[in-house]
Every structure is written in structure tokens, then in C-alpha cells.
Chemist: 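Here's a structure for you.
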There are 2 protein chains.
Amino acid sequence: MEPTGNRRGQETRTALLGAAAELVVEVGWGAVSTRSVAERAGVRPGLVHYHFGSVRRLLTEASAAALEEMVEALTGELEASDDLAHGLTRLVDSIVALEPTHPLHLLVTETYLAASRDPEVAGALRGVVRRMRERLAGWLAERGVPDAHAAEVAAFVAATLDGFALHRVLDADVPAPPLARLVGTWTGTEEEGS
Amino acid sequence: MEPTGNRRGQETRTALLGAAAELVVEVGWGAVSTRSVAERAGVRPGLVHYHFGSVRRLLTEASAAALEEMVEALTGELEASDDLAHGLTRLVDSIVALEPTHPLHLLVTETYLAASRDPEVAGALRGVVRRMRERLAGWLAERGVPDAHAAEVAAFVAATLDGFALHRVLDADVPAPPLARLVGTWTGTEEEGS
DNA sequence: CCACATCTTGGTCGATCGCCCAAAGTCTCT
DNA sequence: AGAGACTTTGGGCGATCGACCAAGATGTGG
């Protein structure tokens with residue numbers, strides 16, 4: 001972001017950001033400390049406040065970056081599918097597959113909670129989610145979902161995926177939502193009064 | 001639970017449990033401290049460790065109790081509805097209405113995350129969720145959902161509600177999922193290969 | 001009325017917290 | 001080589017943390 005000329009500082013920054021994202025998942029947002037994140041990143045504790053000013057700001061920036069990356073991966077996989085049903089199924093599958101090795105949705109949830117208490121986090125997260133929903137809505141619209149419903153369907157899909165991922169934390173046997181069939185509800189019948 | 005003869009001790013216990021549940025919502029699981037919860041409950045800090053042994057155990061017990069109460073309220077409201085579509089709609093509405101005054105789903109989410117790190121919490125939460133899903137499945141089965149699908153639908157409804165509540169934290173304008181219409185997907189067509 | 005279990009008080013322990021800063025180190029220019 | 005900007009070091013500040021405990025208060029059954 002800043003016009004710093006030194007390469008070393010940037011490496012430290014990214015190391016701290018990565019360590020912070022890891023620790024939020026492992027111990028929870030409120031339990032990440034200056035010293036623990038510095039140790040994980042392999043740098044001295046003082047650097048946390050030199051580069052980010054406060055732990056809160058480091059966590060905010062780290063979560064936003066990691067989530068942006070995840071959204072990129074998910075929508076990338078989605079856009080590789082032409083068929084609507086096939087794409088949605090692969091989206092659910094990728095969450096199931098992602099979990100054991102890299103429980104990224106814990107980071108999503110932690111960030112949601114932090115956003116409910118910290119307006120700065122909320123602002124950062126809002127942007128990420130909005131972009132995710134817009135890309136999802138665009139993909140849906142190109143594949144047969146009526147424009148009027150695309151945004152609504154996108155919000156539903158995003159929320160369902162998060163809820164599914166959340167419940168899987170507790171119970172790995174939770175049946176996956178048949179997203180493809182459910183989304184068909186919108187494309188087909190439409191018999192609403194309001 | 002225990003055969004303690006004194007009434008005073010029980011009052012202290014319940015006061016601490018209530019204060020703990022409040023603070024988990026307000027500041028997050030990891031940020032609830034011995035002294036803050038004691039102050040909120042109007043008792044001395046030492047009592048936390050006398051009655052519960054540790055902060056972790058207090059939070060575990062408090063969350064489980066609060067969640068049990070919430071499940072009771074939700075399923076109670078549900079079982080007051082005979083019609084399937086009407087009941088599901090009221091379920092979604094009750095979440096929307098509940099939120100501004102008493103964001104209980106933040107407690108749900110906090111507990112989910114804590115459960116992913118603490119087996120004791122996981123055990124307590126698992127029981128609550130299981131009971132919720134069983135009652136929901138029973139209600140669905142009595143109202144036309146095929147028995148073979150009732151459990152699957154119940155899991156889907158529970159996960160969708162949590163996901164919806166989670167996204168509402170960030171964006172109050174998230175459109176509500178048309179649960180009644182979606183659940184109709186199961187009762188009606190059935191064209192799956194696996 | 002007195003023993004007795006239960007509950008409460010008030011304080012202390014070592015550890016850890018976020019944050020800060022002066023001094024030293026490391027670069028990139030001119 | 002010397003100046004100046006950037007980065008790192010290592011220590012230290014007061015505050016707060018979870019946990020613990022001896023002594024006092026409270027209420028109950030004999």
C-alpha cells in the first residue's frame with residue numbers, strides 16, 4: 001500500500017498477516033496475542049505494532065485478505081462450470097473437501113462475529129461479501145436464473161453454504177444441502193402474492 | 001443439580017450463568033473474564049471459581065443452558081402451527097424479530113466455534129442440536145414430509161436458519177430464505193440417482 | 001446453643017496482556 | 001563515504017488475567 005522502498009518490511013508484513021489468519025482459526029479472534037502471532041511469524045513482537053499499530057488492525061487486515069483469497073478460489077471454481085446444477089454441486093463439494101485440511105470457514109465465522117462488534121471489521125468484510133454475492137449473482141444470471149431473482153438466490157446460496165459449513169464443524173455427517181435442486185425452485189414455479 | 005441445602009448458592013449460580021451468556025454475546029467467548037462476569041452478576045470474583053471451578057466450565061454450562069432455552073422457545077412456536085408452510089415461515093420470522101433486541105444467534109455461533117476447539121463444549125452442544133433436529137424432524141414427519149427425508153430436511157432447515165442469522169449480522173437487508181417453498185422440493189419431485 | 005456444612009469475602013500469586021520507545025541495524029540514495 | 005529513510009531489536013510500562021486460599025459470615029440440624 002505505502003510507497004516503502006524496502007523489500008524486507010513487506011516480507012514481515014505478509015508473514016504477520018499469514019500467521020494472524022492461522023491463529024484466528026486455531027485459537028479464536030479474541031485469543032490471538034501480540035506475542036503469539038509474532039512467534040508464529042518468526043519475528044519479534046515489537047514489529048506487530050510497528051507495522052499495524054494494533055493487534056485489532058492486524059487481525060482485521062489479515063481476515064479480509066484471507067477471505068478475499070478464498071472468495072477468489074471459490075468463484076473461480078464456480079465459473080469453470082457451465083452447467084448451473086453442476087457448478088452448485090461442485091461448490092458444496094469443495095466445501096466438504098476443503099474442511100479437514102484447512103478449515104477456512106472457521107475464519108469466515110470468526111470474522112462475522114468480530115464484525116458484529118467492530119465497525120472496522122464490518123466494513124472490510126462487507127466489501128468482500130458484496131463482491132462474492134455480485135459475482136455469484138452474475139454467474140447465476142448467465143445460466144438461466146431470472147435477473148429479478150439472481151440477487152436473492154445468491155444471498156440464499158451464500159448463507160446456506162456458511163450455515164452448512166458451520167454445522168459440519170460440530171457434526172461431520174450433516175447431509176449436504178441439494179443446492180442444485182433447491183435453486184431450481186426459483187427458476188421454475190413462481191406463485192407469490194406479495 | 002446437587003443436593004445443596006442452601007438457597008443462596010443457587011441464586012448466585014444462576015446469576016453467574018445469566019451474566020456469562022450475556023457477556024459471550026457482547027464481547028465474545030474468549031474475552032469473558034472472571035472479574036467481568038462476576039461484576040455483571042453482582043457477586044464477588046472469587047465465587048466464579050468456587051461454583052464452577054474455571055471460567056471455561058462456566059461458559060460451557062451457561063451456553064448449553066441458554067441454547068436449550070432457545071431451542072425450547074423456537075420449537076414451541078413451531079409446534080403451535082399445524083400447517084407446514086405456515087410454521088416454517090413463522091420460524092424465519094421469529095429469527096428476524098428476535099434479533100434487534102436479543103441477538104441469541106450470536107451465542108449459537110460463538111458456541112459452535114468454541115465447540116470446534118473444546119471437546120467439552122462440543123459434547124454439550126451436540127446434545128442440544130441433536131434434540132433440536134429430532135423435534136424438528138418429528139414435526140416435519142407429522143406434516144407430510146416423507147419419513148425418509150425428514151432428518152435430511154431438518155438438518156437443512158437448521159443449517160439454513162443459522163446461516164441466515166449469521167449473514168443478517170452483517171447485512172440486515174439479506175432476503176429471507178423462502179423455507180416453505182424450498183422444503184416443498186423434498187415433498188414433491190424426487191429424481192435422484194444416488 | 002452449639003457444632004457443622006455451605007457459602008462468601010478480600011486479597012495475593014505469577015503469568016500474560018497491549019502498547020510504547022530509544023538505540024541499533026540495514027538499506028538506498030547522492 | 002555520508003545522509004537520511006526505513007526496519008528491527010530488546011526491554012519495560014501499567015493493567016489485567018485465571019486461579020487459589022485462609023478467614024469470616026450464614027444458615028441448618030442435633
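Keep in mind that this is a model prediction, so the values were computed, not measured. Sequence lines set the chain letters: A, B, ... in the order given, protein chains first and strands last, and positions in each chain run from 1.
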Chemist: Is any NZ, NE, NH1 or NH2 atom of the basic residue among Arg143(A) and Asp83(A) found under 4.0 Å from an Asp or Glu carboxylate oxygen of the other?
Modeler: no

Chemist: My understanding is that only residues two or more places apart in sequence, or in another chain, count here; which of them pass salt bridge (charged side-chain N to carboxylate O under 4.0 Å, His left out) with Asp147(A)?
Modeler: none

Chemist: Applying the side-chain contact (heavy atoms from CB on, under 4.5 Å) test to Leu125(B), which of Asp118(B), Leu67(B), Val108(B) qualifies?
Modeler: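 Result: among Asp118(B), Leu67(B), Val108(B), Leu67(B) is the only option passing the side-chain contact (heavy atoms from CB on, under 4.5 Å) with Leu125(B).
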
Chemist: Could you write out each protein N or O paired with an N or O of nucleotides 12-17 of chain C at a distance under 3.5 Å?
Modeler:
from: dC17(C); atom 1: OP1; to: Ser33(A); atom 2: OG; distance (Å): 2.9

Chemist: Rounded to whole angstrom units, what separation is found between the OH atom of Tyr50(A) and the P atom of dT8(D)?
Modeler: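 Going from OH in Tyr50(A) over to P in dT8(D) covers 7 Å.
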
Chemist: How many Å lie between CD on Gln10(A) and P on dC27(C), as a whole number?
Modeler: 16 Å

Chemist: Between His105(B) and Phe164(B), is the ring centroid distance below 6.0 Å?
Modeler: no

Chemist: Less than 4.0 angstrom between a side-chain N/O of His49(B) and OP1 or OP2 of dA19(D), yes or no?
Modeler: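 Looking at the OP1 and OP2 atoms of dA19(D), one of them is under 4.0 Å from a side-chain N or O of His49(B).
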
Chemist: Tell me whether Glu61(A) is salt-bridged to Arg56(A), with the criterion being a basic N under 4.0 Å from an acidic carboxylate O.
Modeler: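 No, this pair does not count.
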
Chemist: What is the distance, to the nearest angstrom, from the CH2 atom on Trp29(A) to the C1' atom on dG18(C)?
Modeler: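 Result: 16 Å.
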
Chemist: Check Glu72(A) with Arg135(A), please: is the shortest side-chain N to carboxylate O separation under 4.0 Å?
Modeler: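 Yes, charged N to carboxylate O under 4.0 Å.
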
Chemist: How many whole angstroms separate atom CG of Leu47(B) from atom C1' of dG18(D)?
Modeler: 15 Å

Chemist: When the distance from CZ of Arg13(A) to C1' of dT7(D) is rounded to whole Å, what number comes out?
Modeler: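 Result: 13 Å.
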
Chemist: Measure the distance from CD on Glu11(B) to P on dT26(D) and round it to the nearest whole Å.
Modeler: 15 Å

Chemist: Could you tell me whether Arg40(A) and Glu26(A) make a salt bridge, using a distance below 4.0 angstrom between a side-chain N and a carboxylate O?
Modeler: yes

Chemist: Do any of residues 52-62 of chain B sit with a heavy atom less than 4.0 Å from DNA chain D, and if so which?
Modeler: Ser54(B), Val55(B)

Chemist: According to a strict under-4.0 Å criterion, is His51(A) in side-chain N/O contact with OP1 or OP2 of dT8(D)?
Modeler: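 So the side-chain polar atoms of His51(A) do come within 4.0 Å of the phosphate oxygens OP1 or OP2 of dT8(D), strictly under.
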
Chemist: Taking the basic N atoms (NZ, or NE/NH1/NH2) and the acidic carboxylate oxygens, is any pair closer than 4.0 Å for Glu110(B) and Arg117(A)?
Modeler: yes

Chemist: For the pair made of CG in Leu23(B) and P in dC17(D), what is the distance, rounded to whole Å?
Modeler: 11 Å

Chemist: Kindly say whether Arg57(A) contributes a backbone atom to a donor-acceptor pair with the side chain of Ser54(A) at under 3.5 angstrom?
Modeler: yes

